[in-house]
Amino acid sequence: MSTTKTKHASSGLVALVTLLASHSALAEWGLNMTQGVTSISRQLYGLHMLVLWICVIIGIGVFGAIFYSIYHHRKSRGAKAAEFHESTTVEVIWTVVPFLILVGVAIPATKTLLYLEDTRDADINIKVTGYQWKWKYDYLDEDISFFSNLAPTSREAISADPTKVENYLLEVDNPIVVPVNKKVRFLITADDVIHAWWIPEFGVKQDAIPGFINDAWAVIEEPGVYRGQCAELCGKDHGYMPIVVEAKSETDYLAWVAEQKATAAADAEAAGKTWSMDELMAKGETVYITSCAACHQANGEGLTGVFPAIKGSPIATEDLPAHLDIILNGKAGTSMQAFGAQLTDTEIAAVITYQRNAWGNNTGEMVQPTEIKAAR
Amino acid sequence: MSEATANGAHHEEHARGISRWLFTTNHKDIGTLYLWFSFVMLLIGGAMAMYIRAELWEPGIQLSDPNFFNQMTTLHGLIMVFGAVMPAFVGLANWQVPMMIGAPDMALPRMNNWSFWILPFAGLLLVSTIFMEGGGPNFGWTMHAPLSTTYAPPSTDFFIFAVHLLGLSSIMGSINIIATILNMRAPGMTLMKMPMFVWSWLITAFLLIAVMPVLAGAVTMMLTDRNFGTSFFDAAGGGDPLLFQHVFWFFGHPEVYIMILPAFGVISQIIPTFARKPLFGYSSMVYATASIAFLSFIVWAHHMYTTGMPVSGELYFMYATVMIAVPTGVKVFNWVATMWKGSMTFETPMLWALGFLVLFTIGGFTGLMLGVAPADFQYHDTYFVVAHFHYVLVSGALFAIIAGVFYWLPKWTGNMYDEKLAKIHFWWAMISFNVLFFPQHFLGLAGMPRRIPDYALQFTEWNVISSIGGFAFGASWLLFLYIIIKTIRGGEKATDEVWEGADGLEWTVPSPAPYHTFNTAPEVK
């Protein structure tokens, strides 16, 4: 970090070259749209290139005429101005020809649009819900449901050194897993503000709008990890809600489904036992960093006038019922969400314990998962 | 001053000092006020852009926090649209429309004074929100609900009031321009003899009157959703977040033509002057401008292809949108045909006009690409869109404003500007502009979303290049300021005609134009 800063301080061309060289291992100099891994994304790429080439050809004509004229019809070369100032023939030509070109573009564009909007006969249905600032995935046929947050490695690097993190800002804690060669339908909505779910390699971008359910589909042809981001400004951490999709073979996918169900059962069992202070604090810190720190900050001090501090607040140091209530039910009319629907009993117990004991809030109080269950 | 006195001694009386500017009803004074106001706003909005480019210099958050970044992108957009570009064109209209149609002043001079003086207060109110508790508006200039209602900072109510004031100013300015053009043309100047700049402003003024109340309606619904318990845009209360986008873009799409049609007008004055050849296809230019204005009302939802509209709606909006390429193409072809077999010289106004012609055409091409609905699923809300609208609004609208300023500056001040410095400024701005915005096409296609304060590592290289272009482009406006001040203070005296190929009534009055012109209407043959 400090070396990078020094380079920036010495401005000028030398700094630029050094900087770019220092990034050379990561240098991508990406120029064009991805062709992606679905039939939709390839069609979108094809349309993009078609229109681009039409524009390039027209551009060569128009710019050619401009520069020819600038060179040859200049006063310093003795050009005398002609008098003509209209010609119905050429005016009709350059109205009709562009119109015909547009019709030529509209035909394939219409076909592609009808194709990508056809979400019928899906094999798998996944509901995608946008929250400030994370995604929730519900496998409608499998009873699997989880939240997907920016990975802690990326969050910790934001104000440190992002260049050391693999897939900076494009990594999540819980990726969604889908099988290849199946028609996966995404049902996209939002809980608070408008978000947009975008995976460039699928050619899928749909706004996630509270009160509406939009849909999109993909048949992924190659196993792999595909990454995207929220595309619609959704508040402070709009830049920090990535999407990661792992496409696996049918067998691997089924194994993953079984594993998810086993984990859910284990979590339910863990919620019954009595946790020690150290266990709760350790888990609580992880939950806090993923679910709370975006607003209330890692140091619990919040942002003045926007997000209140937890450090030293009466709710987090005295009034335990109020603390339980605000975490389970949120606070209407603010960005404080109802985490009762998002976190397990164990996670809520841990994060409340953490908030009541971290940053000098030394209440010494512990909350057990069973108490959360009772409070719901 | 001495020349001006010689030209019309008893007409030159006006108040001195601050009261001249506060109480003035003179179209030239008010034009000057508009132009200076818009330049100040250009610098403020530009400073915000410099912050944005500095934050995007490398991945990670270095300068402030993401919430402040969002305030900067929001206010940068609002200030440039409502504070810089629109007032600059009203300023040009104030100075030029009466002189170009042979009228002594605007039709409604007192309202003219009020239209302007609302602006500084609205601008101040808007900028002051940054310093309020919770910060300024942070939801983008497109202010999509419910981010701009339930989830917005308290200062949003001040922002809404500022938008209402800006709208009032625009509507009054437009009424004035329409009343002036329709009632005060010199004898013999029929509509189809009007200069293209006047035509383009007549059409623009109607657009403004039609859509500013729509924006006022949208922000008023925001206000009542925020404070009076209504649920226009709140799904939980039976409202519809998409209603906001439909209403906003019904204003928003004509708004972009409000910013570009007067630019077409300026360019249509300048190219014939320096090509020494009449504008090619004058009547088709008028009809093309009117067609573009009409089409602008029926294409708004092309900003909303990814919102989940019915497919029939997407098809309709795609067909209507790409149709705009036809009249826009006609305009570009006509300008090229005007230059063709002309006798061209390349003074600064012509350089800016040519810069406009080439770069606006590039912005038009990307506009066509964005209009193709399925492809827009990949382009939408990425830096490709950012690149597109800066090519049409900076190298489109702003370049035309600067072209107009250099074109008419000798008439306004009576002095020629420093041609050498002005050319240096042009090339500096032209090159840095492209370094700034061309790479943003690549960033968008490679998948960088817009309005993010931080980005994945693969976007670093082009962002560095773009930031370097940004700082250079920003700095170029300080040179521009120096050139303008130098010209006001002195310089080679301008002739009445100023340009060898100039044609029109404004070139028949002395330079500098006396305080009152055309007290006796000229005869137009």
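Chain identifiers are assigned alphabetically (A, B, ...) following the order of the sequence lines, protein sequences preceding nucleic acid strands; residue numbering begins at 1 within each chain.
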Legend entry - A/Lys205 side, atom NZ; B/Asp381 side, atom CG - distance, nearest 0.5 Å: 6.5 Å
Legend entry - B/Gln458/A/Leu170 under side-chain contact (heavy atoms from CB on, under 4.5 Å): CA gap, chis, key distance, verdict: CA-CA 11 Å; B/Gln458 69 263 33; A/Leu170 296 176; 3.7 Å; yes
Inset, instruction - Mark yes when over 12 heavy atoms from residues, nucleotides or ligands other than A/Asp215 sit less than 6.0 Å from its CG; otherwise mark no. - result: yes
Legend entry - Among A/Pro98, A/Gly235, A/Gly239, residue most engaged with chain B (heavy-atom pairs, under 4.5 Å): A/Gly235
Legend entry - Any donor-acceptor N or O pair under 3.5 Å, side chains A/Asp207, B/Thr307: no
Legend entry - Reported CE-to-CZ distance for the pair B/Met339 and A/Arg74, which is rounded to 0.5 angstrom: 10.5 Å
Legend entry - Which atoms of B/Tyr455 approach chain A - backbone, side chain, both or neither, heavy atom under 4.5 Å: backbone
Legend entry - 4.5 Å side-chain heavy-atom contact, A/Asp192 and B/Pro146: no
Legend entry - Worked verdict on A/Tyr45 versus B/Gln378 for side-chain contact (heavy atoms from CB on, under 4.5 Å): CA-CA 9 Å; A/Tyr45 176 81; B/Gln378 293 285 37; over 6 Å; no
Inset, instruction - Would you mind checking which part of B/Pro153 comes under 4.5 Å of any heavy atom in chain A, side chain (CB onward), backbone (N, CA, C, O), both or neither? - result: neither
Inset, instruction - State, with a plain yes or no, whether a side-chain heavy atom of B/Asp454 is found less than 4.5 Å away from one of A/Leu169. - result: yes
Legend entry - Reported CD1-to-CG distance for the pair A/Ile209 and B/Leu242, which is rounded to 0.5 angstrom: 4.0 Å
Inset, instruction - Calculate, to the nearest 0.5 Å, the distance between atoms CG and NZ belonging to B/Leu147 and A/Lys236 respectively. - result: 13.0 Å
Inset, instruction - Using non-hydrogen atoms and a 4.5 Å limit, figure out which bit of B/Met323 sits close to chain A: side chain, backbone, both or neither. - result: both
Inset, instruction - First locate atom CG of A/Leu52, then atom CE of B/Met369, and finally report the distance between them rounded to the nearest 0.5 Å. - result: 4.5 Å
Inset, instruction - Under 4.5 Å, counting heavy-atom pairs only, tell me which of A/Gly78, A/Ser41, A/Ser69 racks up the most with chain B. - result: A/Ser69
Legend entry - Residues, nucleotides or ligands: over 12 heavy atoms within 6.0 Å of B/Tyr287 OH: no
Inset, instruction - Against chain A, work out which of B/Leu368, B/Ile452, B/Ile61, B/Asn67 has the most heavy-atom pairs shorter than 4.5 Å and name it. - result: B/Ile61
Inset, instruction - Kindly indicate, with the supporting measurements, whether the criterion side-chain contact (heavy atoms from CB on, under 4.5 Å) is fulfilled by A/Leu31 and B/Leu445. - result: CA-CA 7 Å; A/Leu31 294 176; B/Leu445 292 175; over 6 Å; no
Inset, instruction - Check whether any side-chain heavy atom of B/Thr306 sits under 4.5 Å from a side-chain heavy atom of A/Asn214, and report yes or no. - result: no
Inset, instruction - With the side chain counted from C-beta on, respond yes when B/Met318 and A/Thr110 share a heavy-atom pair under 4.5 Å apart, and no when they do not. - result: yes
Legend entry - Option that, when pairs with chain A are counted at under 4.5 Å, heavy atom only, ranks first among B/Arg450, B/Met132, B/Glu133, B/Arg451: B/Arg451
Inset, instruction - Using non-hydrogen atoms and a 4.5 Å limit, figure out which bit of B/Ala236 sits close to chain A: side chain, backbone, both or neither. - result: neither
Legend entry - Heavy-atom pair with the smallest gap, counting every atom of B/Tyr151 and A/Val193: CD1-CG1, 3.4 Å
Inset, instruction - May I ask you to test the B/Arg276-A/Lys75 pair for a side-chain heavy-atom distance under 4.5 Å? - result: yes
Inset, instruction - Please report the closest heavy-atom contact between A/Ala109 and B/Val372, naming both atoms and the distance. - result: CB-CG1, 3.7 Å
Return all side-chain donor-acceptor pairs below 3.5 angstrom for residues 83-91 of chain A, not counting sequence neighbours, or 'none' if the list is empty.
residue, atom, partner, partner atom, Å
A/Ser87, OG, A/Val90, N, 3.4
A/Glu91, OE1, B/Ser284, OG, 2.6
A/Glu91, OE2, A/Ser87, N, 3.4

Inset, instruction - Considering non-hydrogen atoms only, spot the tightest contact between A/Leu44 and B/Pro374 and give its length. - result: CD2-O, 3.3 Å
Legend entry - Winner by heavy-atom pair count (cut-off under 4.5 Å) against chain A, out of B/Asn334, B/Asp234, B/Asp376, B/Thr149: B/Asn334
Inset, instruction - Give, as side chain, backbone, both or neither, the part of B/Leu315 having an atom under 4.5 angstrom from any heavy atom of chain A. - result: both
Inset, instruction - Look at the rings of A/Trp94 and B/Phe333 and say which category their plane angle falls in: under 30° parallel, 30 to 60° tilted, over 60° perpendicular. - result: tilted
Inset, instruction - Select, from B/Ala288, B/Ser283, B/Ala456, the one with the greatest count of heavy-atom pairs under 4.5 Å involving chain A. - result: B/Ala456
Inset, instruction - Would you mind checking which part of B/His144 comes under 4.5 Å of any heavy atom in chain A, side chain (CB onward), backbone (N, CA, C, O), both or neither? - result: side chain
Inset, instruction - Heavy-atom distances under 4.5 Å only: say whether A/Leu233 touches chain B with side chain, backbone, both or neither. - result: both
Inset, instruction - Examine whether an atom of B/Ala152 lies under 4.5 Å from a heavy atom of chain A, and if so say whether it belongs to the side chain, the backbone or both; otherwise answer neither. - result: neither
Legend entry - Portion of B/Thr382 that has a non-hydrogen atom of chain A nearer than 4.5 angstrom: side chain
Inset, instruction - Flag the pair B/Phe346 / A/Ser76 as yes when at least one side-chain heavy-atom distance between them is below 4.5 Å, and no otherwise. - result: no
Legend entry - Nearest heavy atoms of A/Ala81 and B/Ser343, plus distance in Å: N-CB, 3.7 Å
Inset, instruction - Would you name the heavy atoms of A/His73 and B/Lys341 that are closest together and state the gap between them? - result: ND1-N, 2.8 Å
Inset, instruction - Could you have a look at A/Pro210, A/Ala216, A/Ser154, A/Gly228 and say which one has the most heavy-atom pairs with chain B under 4.5 angstrom? - result: A/Pro210
Legend entry - pair B/Asp240-A/Phe212: side-chain heavy atoms closer than 4.5 Å: yes
Legend entry - Straight-line distance of B/Phe233 CZ to A/Ile194 CD1, nearest 0.5 Å: 11.0 Å
Legend entry - Flag side-chain contact, heavy atom, 4.5 Å: B/Phe377 against A/Gln206: yes
Legend entry - Audit row: B/Val358, A/Phe67, side-chain contact (heavy atoms from CB on, under 4.5 Å) steps and yes/no: CA-CA 10 Å; B/Val358 173; A/Phe67 290 113; 4.3 Å; yes
Legend entry - For B/Ala235 against A/Gly211, the heavy-atom pair lying closest together: CB-CA, 3.7 Å
Legend entry - chain B contact via A/Phe99 - side chain, backbone, both or neither, heavy atoms under 4.5 Å: both
